[in-house]
Amino acid sequence: MVNEGKFVKDCGIRVLRKGKTVHVGVLDSLKRVKENVKEVGAGLECGIGMDDYDDWIEGDIIEAFNAVQKRRTLEEASASMSAAIEEAGV
């Protein structure tokens, strides 16, 4: 059951057991009512599959995430350099 947000095929997946991360991987298959789907939203049940993980235990929590690379801007770089200089007391 998707509690909040959504699962999207090929997104990152984190498996939590008793509050600790036991596996991080990629969502390889996503099914809804026996059909392959690209995404499943909150409030719906679905089946998921990961090629490199099959050690599921009842009660595991599955978190989906997207990794986004963001280029650092000149303003961000300047601000972090100013903060580092102030910390060093220069």
Side-chain angles (χ1 to χ4, degrees):
M1 171 71 80
V2 180
N3 292 328
E4 60 184 67
K6 63 183 175 181
F7 280 129
V8 180
K9 189 173 184 304
D10 297 322
C11 68
I13 292 290
R14 183 178 301 112
V15 181
L16 302 172
R17 186 173 298 149
K18 297 180 182 177
K20 295 185 180 182
T21 301
V22 293
H23 183 76
V24 176
V26 176
L27 180 62
D28 296 316
S29 71
L30 184 60
K31 294 189 181 240
R32 170 104 180 102
V33 191
K34 297 186 181 182
E35 291 185 22
N36 289 322
V37 293
K38 291 184 180 180
E39 69 178 51
V40 177
L44 300 174
E45 292 184 355
C46 63
I48 66 168
M50 297 171 63
D51 285 339
D52 59 346
Y53 186 74
D54 63 355
D55 187 31
W56 302 104
I57 294 179
E58 186 174 340
D60 283 350
I61 296 173
I62 305 162
E63 293 181 341
F65 62 89
N66 285 326
V68 177
Q69 281 189 333
K70 180 181 171 189
R71 288 190 167 220
R72 193 168 158 184
T73 66
L74 185 56
E75 292 167 350
E76 291 170 342
S78 177
S80 65
M81 286 298 294
S82 295
I85 289 172
E86 285 180 23
E87 257 184 47
V90 175

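Everything numeric here is computed off the predicted structure, so don't read it as measured data.
In terms of heavy-atom proximity, D55 sits nearest to D60 at O-OD2, 4.2 Å. In plain terms, the two heavy atoms of F7 and C46 that are nearest each other are CD1-SG, 3.9 Å.
With contacts defined as side-chain heavy-atom distances shorter than 4.5 Å, the pair I62/W56 qualifies.
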Below 3.5 Å, can you tabulate the donor-acceptor pairs from side chains in residues 23-41 to any protein atom, sequence neighbours excluded?
| unit_1 | atom_1 | unit_2 | atom_2 | d |
| --- | --- | --- | --- | --- |
| D28 | OD2 | D51 | N | 2.5 |
| S29 | OG | G49 | N | 3.4 |
| K31 | NZ | N36 | OD1 | 3.4 |
| R32 | NH1 | E45 | O | 3.0 |

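Both M50 and V2 are members of a single hydrophobic cluster when ILVMFWY side chains are connected at heavy-atom separations under 4.5 Å. A chain of hydrophobic side-chain contacts below 4.5 Å, direct or via other Ile, Leu, Val, Met, Phe, Trp or Tyr residues, connects V22 to I13. A continuous path of hydrophobic side-chain contacts links L44 to I48 [ILVMFWY only; heavy atoms under 4.5 Å].
Other residues, nucleotides and ligands contribute at most 12 non-hydrogen atoms within 6.0 Å of the CG atom of D54. Residue-environment remark: CE (M1) exceeds the threshold of 12 foreign heavy atoms within 6.0 Å.
By the side chain to side chain contact (heavy atoms under 4.5 Å, CB included) test, S82 is found to be paired with S78, residues two or more places apart in sequence or in another chain being considered.
Remark: I61 CD1 to K18 NZ distance equals 12.5 Å, nearest 0.5 Å.
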